[in-house]
Structures are given as C-alpha cells and as structure tokens.
Amino acid sequence: MKQQLERILQRVQKPARYIGGEYNEIIKDKSKINIRFAFCFPDTYEIGMSNLGLHILYGVLNGEPDVWCERVFAPWGDMEEEMRRCNVPLYALESGDPISSFDIIGFSLGYEMSYTNVLNMLDLAGIPIKASDRKELFPIVFAGGTSCVNPEPMSDFFDLFAIGEGEELDLDIVNLLKIAKKGGWDKTRFLSEAAKIPGVYVPSLYDISYNSDGTLNSVLTNNGAPMVVTKRIIEELENSYFPSRTIVPSTEIVHDRVSLELFRGCIRGCRFCQAGYVYRPVRRRSPDFLLKKAEEALSDSGYEEITLSSLSTSDYKGLNELCDDLLEWCEPRKVSLSLPSLRADNFSMELMSKVQKVRRSGLTFAPEAGSQRLRDVINKNVREEELLESCRVAFEGGWNSLKLYFMLGLPTETDEDVLAIADLVNKVLDTWRTYAKNRSRGVKINVSTSCFVPKPHTPFQWESQIDMAEYSRRVKLLRENMRSRSVSYSWHEPDVSFVEAVLSRGDRRVGRAIEEAWRLGGKLDSWSEYFSFDRWVSAFEKCGLDMSFYACRVRNIDEVLPWNIISVGVDKSYLESERKNAYAGKITPDCRALCTGCGANSLLLRRDCDE
Amino acid sequence: MSRLLMRKTGNAKYLSHLDLMRTMQRAFVRAGLEIKHTQGFNPHPYMSFALPLSVGIESLCELMDFELDDATELERIPCTLNQKLPAGLHIVSAYRSENKFKNIKWLDIFCELYYDDEVPENAVTRLQNIFSKSVVVEKRTKRGTAQIDIFPLIGSLRINRTAEKVVAIDARISAQDPSLNPGLLITAINKYEQSLTPDFTKMERREIYDADLKVFR
Ligand code: SF4
C-alpha cells in the first residue's frame with residue numbers, strides 16, 4: 001500500500017495534507033496498544049486541523065498509555081478518486097494503517113453539511129455505513145460535537161453519540177470498551193452498558209412512532225436506556241487537559257495559530273444562537289492560567305500568531321489585563337495577537353486599537369438585524385448608538401473598511417426591518433463622512449446577509465424558516481435600497497441554509513435521505529464546488545420526504561421534537577418563555593446582570609455559574 | 001552568512017517551498033533561536049534557500065541562509081533544531097560561508113524509473129541513446145510553451161539497472177542560468193521512446209557543485 005499511496009500522492013493537489021508526520025504528531029508502539037482510536041474529522045485536513053476540539057481530544061486520548069488516537073480527514077475529490085481507483089482504503093495519518101481494523105472510530109460532527117462526508121469516509125474505509133449492518137463489536141463507530149444535540153438524522157449510522165464535552169466522556173467510552181474487549185462482550189452487551197454512561201445516547205435502544213401528520217408520536221426506550229440523555233460538561237476547566245502541545249501542521253491550514261480558549265459558554269442569550277444555549281453554563285479560566293498556557297503553547301509551537309477564542313471574547317472579565325500581559329510577552333517576540341468576534345462597544349474598540357499595534361486585520365461587526373425592534377426580538381443587545389460610536393472610533397483611528405453581518409428571515413421580520421439594514425448602513429456611511437481621518441482614501445462597507453436557520457435547543461426551535469423565494473425577495477429589496485458605491489453587498493444563497501434547516505431539525509427518517517444524497521454522489525457539501533441543491537431535492541423526493549415539513553413549518557409548542565431525547569441543561573420551559581419574550585420584543589438580561597434561571601446551572605456540582 | 005545543510009526526504013518531499021519556509025521559521029522559535037528579521041514595515045525572519053526544490057523530489061543537500069541574533073549559537077543548531085522538525089527534515093550541519101548561491105552551477109539528480117511489468121528490452125542502451133544527442137522537449141513557461149534542447153544542460157549521465165524492475169539515471173544537470181527541471185528527463189523519454197516511459201518515478205537531489213565541479217557549501 002505504501003508505494004501505491006506514494007504514486008497517488010504524485011498526482012493529487014496539495015499532497016502534504018495526506019502524509020502526517022507533523023511536529024508533535026504522536027507515534028506509539030503498536031504492540032503496546034490496547035485500543036486503536038481513529039479520530040475522524042468529516043471535512044478536509046485544512047478545516048479539521050483548525051478545530052480546537054480535535055487537538056484537545058487528541059491530547060486527552062493519547063494521554064492514555066494503552067490508547068493510540070490517530071487522525072483521519074476527508075480526502076479532496078481528486079484524492080478520493082485515486083484512492084478508490086487504486087484500492088487504497090481510508091487510512092490514519094499517524095500509522096498509515098487502514099482504519100477498518102481500529103477498535104473505535106469517533107467522528108466530530110460540528111455542522112450538518114458534513115453529514116454526507118461521514119458516510120463517504122466510512123465507505124472509503126470499507127466499513128458498512130449503517131450501524132445495523134455492523135454486527136461485530138469492532139469497530140464501534142460514534143459521534144460527538146455540536147450537531148449531536150439533535151442526533152436523530154444521523155442515528156442510522158452511529159452506534160452511539162457522545163453528547164456534550166468529550167474530555168471525560170470519550171475516556172469513559174474507551175474505558176468501557178477496554179472492559180468489553182477483555183470480557184469478550186458482543187456489541188449488544190457493550191451498547192446497553194454504554195447507555196448507562198451519562199451523556200451517551202444509543203439510538204438503537206429507542207423505538208420511535210409517528211402520527212399520521214408526520215410528527216413524532218412517541219419515543220420509547222427499551223433495555224432501560226434513559227428517557228433523557230443530559231450533556232456532559234467539564235466543570236473546572238483549569239483542572240482538565242489544556243492543549244499547550246499541539247500538532248503544528250507543516251502545510252497551510254485555515255486557522256494556523258494558537259487558539260486560547262478563555263471560557264466556554266456565553267453570558268448573552270441571543271435567541272437565534274445555538275452555541276449560546278448548548279454550551280451553557282459559562283465556565284472561565286483565570287487570566288494567570290491563560291497567560292501561562294499561552295506562553296507554553298507559543299513557545300512549544302513556534303506559532304507567530306495567537307487568537308483568543310470564545311463565543312463572545314469581549315465578555316471575558318479581565319480581558320484588558322490579559323491582553324496587556326499577552327502583548328507584553330508577544331510584542332518583543334514578534335508574535336501577533338488577534339481578537340475575533342468583538343462586540344461593537346467602546347470597550348472593545350479601545351482594546352482593538354491596542355491589539356492592532358501588532359497587526360492590522362479587518363474589522364467586523366455583526367448587528368444581525370437592522371432595526372432595534374428586531375434586535376430586541378432576537379435579544380442581540382447592541383444599540384444603534386453603540387454601533388455608530390464604535391464606527392466613529394474606528395474611522396477616527398484610520399480604518400477605512402468594515403464588514404457588517406446580518407440575517408434575513410428572523411422571526412417577525414417585516415420589509416421595514418429589511419430596509420432598516422440599508423438605513424443603518426447609511427448612518428455608518430454618514431459617520432465615516434463626519435469623522436474619517438482621511439476621506440480621500442474612500443471607504444468600503446461590506447454588507448453580507450444569510451438566511452436564518454432555526455436550530456434545536458434555542459427559543460426559535462419551533463419556528464419556520466422563510467422559504468427560499470421569500471429570502472431572495474428580501475435580498476432584492478435590500479439590494480435595491482442600498483446602492484451606494486461605497487457599499488458592497490453579498491448574500492449567502494438560501495439553498496444551503498434550507499438544507500441546513502432540514503438536517504438540523506430532522507428526525508430519524510431524514511437519515512434515509514442523507515444516505516440517498518450520498519449515494520447520488522453527495523460529499524464535501526460545505527464546499528460550493530461540491531454542494532448540489534438538486535441532489536438533495538432528489539434524495540428527499542426519492543425517500544418520499546418533504547423538505548419543507550422540516551424547514552418551513554411552525555411546530556406546535558407541545559409537539560414531540562426529535563431532539564427532546566437530549567438535554568443541554570436548559571429547561572424547555574425557559575426556551576418557551578424566551579420565545580414569548582421574543583414576540584413581545586422583551587430583552588432578557590445577560591447572565592452577568594441577572595440569572596434568569598435557564599436551568600443550566602444544574603449541570604454544575606457547585607450550582608453557580610461563572611460570569 | 002550562516003548556512004544550514006539539510007535533508008528533505010521521505011514524506012517531507014511533499015512540502016512546498018512555502019511550507020518549508022514556514023516550518024523552518026517556527027522550528028527556530030521552538031528551539032529558542034532568534035533569527036534576524038528583515039527591516040521595514042512588515043518585518044519577517046530572513047531566510048533564503050538555494051535552488052527551490054519541486055514538490056515530490058527528495059533532497060540530501062538543501063542549503064538555507066539565515067542570520068542569528070547571537071552567532072555563537074551556530075554550533076548547537078543541528079542538535080537543537082532537529083528535535084523541533086517534522087518527519088523527513090533533518091539538519092546535517094550549520095556553518096559560516098561566504099560562498100554566494102549564485103556560484104552554484106551543477107547538481108546531481110538520481111531518478112529511479114519503475115516498470116510494473118518488466119523493464120523494457122535494452123532499456124539501458126536505449127535510454128542512453130536518447131540523451132546522447134540533441135534532445136528537444138516542450139517546456140512550460142510563463143507565456144505558454146517553448147521548445148528547448150536540454151542536451152547542453154546535461155553534464156553527464158549514467159544509467160544502470162538497479163533492481164528487477166527498476167532502472168536508475170544518475171544525471172549531473174545544470175542547476176541555474178538556466179536550470180534544468182529534472183522532470184524534463186522523463187518528458188524526453190516519453191517523447192523519444194514512449195515504450196520506455198516508466199509507470200512511476202522517484203527523484204532525489206544528491207549534490208550541488210560550482211562551475212569547477214567543486215562540491216558547493
Ligand atoms: S443558570 Fe442563570 S446564570 Fe447560569 S446560564 Fe442559566 S441563566 Fe445564565
């Protein structure tokens with residue numbers, strides 16, 4: 001196989017992503033290994049290696065002396081074609097061994113558009129894609145990651161799901177597998193024992209029945225599997241593994257830098273944001289700890305850039321001091337610090353100017369909605385004055401380009417709200433005219449919109465997505481009313497969002513359509529080169545499933561939702577009241593101002609959320 | 001000027017020139033060795049490779065110039081840096097040199113031609129014949145293609161059968177002004193004796209020389 005592979009690599013684009021061997025890659029002596037673990041990321045190397053979760057779990061699993069965790073990524077089309085033609089099965093980068101002989105295969109499911117890749121990778125590995133066709137204990141195929149908060153659409157393919165943060169949970173699963181291996185258990189026994197691990201969902205232990213209108217009737221468990229699987233979290237982040245020694249890719253990837261995770265969770269309760277709900281509650285690391293780890297990670301990797309990663313970085317208490325300390329360390333070493341996802345407030349702007357001493361990158365704000373009314377509906381607590389004030393500071397500071405992100409199709413949105421985006425952009429332009437330092441250079445405002453996708457476990461989980469024609473109409477409306485030469489408007493096509501909406505709130509039957517889409521050639525769906533809307537439409541048609549039923553239908557408040565089986569810690573009643581607040585245009589204070597009792601604190605032994 | 005002699009073998013041959021630069025830059029930082037940065041608006045570490053290598057070709061003799069902030073550290077470089085490099089990159093030595101890269105003239109390239117069925121009859125002689133006179137091949141240039149005669153760019157050439165299904169070419173070719181892309185040797189075989197086109201080729205850069213055929217360091 002080795003020479004076969006060598007030949008293939010001569011013919012494909014960017015062969016460096018298929019070879020492993022990077023600095024800090026972990027190689028172990030196979031003869032001393034009990035469990036071979038294939039960590040599969042269902043997208044390309046460049047995307048997967050940019051994922052912080054991968055580096056964390058790789059470190060955690062390889063911390064076990066008798067476990068060897070290796071990485072597997074989806075090959076690009078040309079590589080896949082060659083592999084199939086030359087009978088090279090999907091292999092792990094570290095050992096080059098085919099993963100079909102591994103004990104356990106874990107997929108990281110971060111977004112719906114990677115679903116077809118899962119099937120494609122299993123197939124490339126020569127592993128039956130359906131869990132029910134894999135009778136033997138080995139390999140166990142499971143998934144973790146954000147998308148698993150609604151596991152149902154992918155439940156035909158995985159033996160089990162790990163819900164929530166994986167640091168402890170994945171080890172629990174591996175440890176059980178060790179016992180099973182030693183005891184010679186069969187798969188049935190293993191799965192029914194695994195279902196007892198908190199955070200593990202074993203779909204084969206549940207029976208689903210449907211009503212005549214297509215909605216779920218009931219979910220019954222057998223074998224004593226739990227009625228609700230509650231996500232796992234790490235309570236004390238500082239006591240758990242921190243990735244300060246990570247693999248440094250030799251070839252270019254998307255996010256090629258140290259990523260410093262300040263905290264998990266988010267104090268804001270933006271009602272459209274799934275991450276804001278499913279990662280609750282907030283758990284933070286201390287500035288001292290972070291500074292130490294940042295220095296370790298930068299020294300070890302040799303990276304020339306560090307970024308602060310968290311859902312809402314500006315909410316970190318002590319951010320100013322942390323940045324000062326970091327800059328003090330970074331500047332003489334010519335390391336640059338970058339801050340993504342800042343809020344458009346004064347504090348952030350001050351910080352921004354400080355950070356930009358090292359390197360200047362683009363400035364991005366995400367007001368999400370144009371009118372204050374609609375921003376109140378979605379609980380995006382950015383006021384127009386704040387945004388314009390931030391713009392003023394930016395323009396005075398010499399910035400002359402700005403990106404603004406909005407969503408179209410948010411619940412209750414009217415044409416007035418759409419036009420308010422154009423208004424807001426005009427005000428930003430006025431601000432530039434009034435305050436720009438050097439007007440002769442002109443200004444560029446990049447406005448972009450995407451189509452809102454209602455997500456499970458958010459207050460909008462019952463809402464309908466607007467249909468594609470309606471989205472296009474609103475895009476047109478906005479475009480016609482935003483004609484300044486200084487503004488360039490780009491919009492995401494609604495077809496991807498529509499498929500996303502179908503998959504994210506799908507039930508078990510949707511799995512058939514995913515399989516069909518893959519059989520029709522679907523893969524790498526998050527890449528426009530590969531995504532085909534028509535293919536998804538034919539796949540659903542072939543399975544007799546109506547895509548609009550999943551995307552564009554308002555659910556009854558007491559409908560049995562496919563993801564009811566999963567709890568992320570937030571009470572359903574809280575989501576309901578947040579939905580009511582949305583319709584009333586009522587703002588909910590953030591967790592720092594006031595705990596509004598979402599229930600997520602019950603995941604903590606200490607019962608008190610960090611701020 | 002401080003200079004490294006390094007190897008780029010095995011899978012490291014798939015790293016591009018840019019990959020290699022970035023990797024070396026980070027390896028220096030990991031090793032705690034500070035290299036001098038360029039002056040100017042966007043300072044970056046100064047490093048320069050002789051004869052950039054095409055992706056897919058191994059090399060035993062890559063040369064990289066750089067300058068250390070603290071020149072006394074030169075000696076410990078191979079040992080410290082080697083612990084900080086990905087698989088396939090290996091520093092052989094670090095030293096001072098005033099010999100400019102522009103003095104490089106020739107390089108040795110070793111090509112293994114693999115034939116899956118069997119080595120064609122009289123392959124060695126027939127290959128030798130191809131390269132014993134003017135060899136005109138099509139070369140891709142920035143402005144399309146051009147016909148060039150590579151014969152003058154070949155200093156010497158030895159052909160041997162090295163294994164049951166392998167024939168090896170040991171060629172000394174022009175390294176620069178103008179350089180000969182070793183891939184054109186295979187292009188020539190394909191053009192003049194198509195039946196000798198190998199199923200698979202491996203190449204390795206083995207040594208570099210100045211105009212007097214003295215090993216260049
Ligand atoms: S329990 Fe209170 S403080 Fe904690 S996440 Fe929920 S609302 Fe916020």
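Below, chains carry the letters A, B, ... as their sequence lines are ordered, and counting in each starts from 1. Keep in mind that this is a model prediction, so the values were computed, not measured.
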Worksheet item: Salt bridge or not for B/Lys13 and A/Glu6, using N-O below 4.0 Å?
Response: yes

Of the listed B/Asn11, B/Thr23, B/Val55, the one with the largest count of heavy-atom pairs under 4.5 Å with chain A is B/Asn11

Review point. Can B/Arg126 and B/Ser195 be counted as having a side-chain donor-acceptor contact under 3.5 angstrom?
Key: yes

query: Looking at side-chain heavy atoms only, is the closest gap between A/Phe242 and A/Leu260 below 4.5 Å?
result: yes

If one checks every heavy atom of B/Gln25 against chain A at 4.5 Å, the contacting part turns out to be side chain

Review point. Can you check whether A/Arg36 reaches A/Ser95 side chain to side chain, under 4.5 Å on heavy atoms?
Key: yes

Okay, A/Asn24 and chain B: the region with an atom under 4.5 Å from a heavy atom over there is neither

Open item on the list: Looking only at side-chain N and O atoms, does B/Tyr46 offer a donor or acceptor that is under 3.5 Å from a partner on B/Asp65?
Closed with: no

So, the part of B/Tyr114 with a heavy atom under 4.5 Å from chain A: the answer is side chain

Ranked by heavy-atom pairs below 4.5 Å to chain A, first place among B/Val29, B/Leu89, B/Leu18 goes to B/Val29

For this session: Decide, yes or no, whether a salt bridge links A/Lys30 with A/Asp97 under the criterion of side-chain N to carboxylate O below 4.0 Å.
Result: yes

If one checks every heavy atom of A/Thr251 against chain B at 4.5 Å, the contacting part turns out to be both

Honestly, the part of B/Thr201 sitting under 4.5 Å from a heavy atom of chain A is backbone

Under 4.5 Å to a heavy atom of chain B? For A/Glu252 that would be both

